[in-house]
Structure formats: structure tokens, C-alpha cells
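Reviewing the structure listed below.
Quick note: residue numbers are just sequence positions, from 1.
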Amino acid sequence: MTGSHTVWRGPGAPDHDIPAQRRDAEAVTGSSGRPSSRPLWVEEPARRRRMPDPVRTAAVRAVLIISVTLIQAMVAFLCTLTGSWLAFPMVLSSVAGTVVATWGVLDVWVTRQVWNQRNGVVSVPSSTARALRRERRAARRQARTAERERERIRRRGGTGQLSHP
């Protein structure tokens, strides 16, 4: 022990890529003299932002459809191996399920693209949404400048205009 802090090492130490934390001797040993327990997990900020609700809904729907299709395909395969009369209907439903699952994945992609377009979430500097925002800001700036100019002329009583002598 050096000073008032101890380095926490041993079986209770954090992972190798996380440096050991310094704690007060009382915090390490606790009031009963035994080492205190570490928290089960440490909350970390999310690396990615949460998916928007419509996109998440479409993704959940797609996962459910894909899982049902995989189950259907497995049942069709097993029925084919056993020579059951259910093999043919299950193969047909698996083919239909594959078509629907493809639609589900495309639905996630389209929903994500539509959400990004509507809400202006863009990552490319030359995107359309950013250019439109830039144009709207320039138009508002021009409108404010013209309004200020009209107000200035009104305050001066109209002098300074070329149409007045």
C-alpha cells in the first residue's frame, strides 16, 4: 500500500484492457474487513444511436418472418426425408415464406431510407437534404435583410430613394 490509495489487483480486478481503478482502502475492504463486491456491470454509453421506431418495427417484423421461414424450410426438409405427405405443402409454404422474407428485408431498407430522407439524417457532405437546408437559410437571410432595409427606409421617412427628388 502506498499512500491512501491501493491498486485493486487479483481475481476481482477488471479486465486486462481496462486499467485497474484506484480506490480508498475503506472502499476496497468495506466496513466488515472483507473485500467489497464489484458491480455486476458498468454502464457504457452506446456506440451507435438507437434506431428510429419505424425502422426498428420493420426490422423486428423482418426477423420474425425470417425465423418462421427458416422453421418452415426445416420442417419441409424433415418431411421430405421421412416421405410424409406434408412435404409438398411445406415446400410451397417455404418458397412463399422466402418471397415474404425478402420483402421484409427490403421493407427495412426502404423504411430506413425514407426515414433518413424525411428527417434529414445524412452523412454525405453533398447530400440533397443539406443543400436544401442551405438554400432555405440563404432565403431567410435575404428576407431578413430586405425587411431590415425596408424598415430603415421607413424610419428615414423615405429619403435616400432614387424616386424621391
For the residue pair [X] and [Y], what are the closest heavy atoms and their distance?
X     : Y      : result
Val55 : Arg112 : CG2-CA, 3.6 Å
Ile65 : Gly97  : CG2-O, 4.5 Å
Ala58 : Asp107 : CB-OD2, 3.7 Å
Ser93 : Gln72  : O-OE1, 3.2 Å
Ala62 : Val105 : CB-N, 4.2 Å

Please report the interatomic distance [atom1]([X]) to [atom2]([Y]), rounded to the nearest 0.5 Å.
X      : Y      : atom1 : atom2 : answer
Ile71  : Met90  : CD1   : CE    : 9.5 Å
Ile66  : Arg61  : CD1   : CZ    : 12.0 Å
Thr145 : Glu149 : OG1   : CD    : 9.0 Å
Trp115 : Asp53  : CH2   : CG    : 9.5 Å
Arg148 : Glu151 : CZ    : CD    : 11.5 Å
Arg137 : Glu135 : CZ    : CD    : 10.5 Å

ask   = For Arg50, does the CZ atom sit with more than 12 other heavy atoms under 6.0 Å from it, leaving out its own atoms?
value =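 Count not over threshold, so no.
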key: Heavy-atom donor-acceptor pair, Thr82 side chain to Leu78 backbone, under 3.5 Å   =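 Such a contact is found between Thr82 side chain and Leu78 backbone.
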State plainly whether one hydrophobic cluster holds both [X] and [Y], where clusters connect Ile, Leu, Val, Met, Phe, Trp and Tyr through side-chain heavy atoms under 4.5 angstrom apart.
X      : Y     : result
Trp85  : Val91 : no
Val100 : Leu64 : no
Met74  : Phe77 : yes

Ion pair Arg144/Glu147, N-O distance below 4.0 Å =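 No, this pair does not count.
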query = Should Trp103 and Val99 count as side-chain neighbours, where that means a heavy-atom distance under 4.5 Å?
reply =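 No, side chains not in contact.
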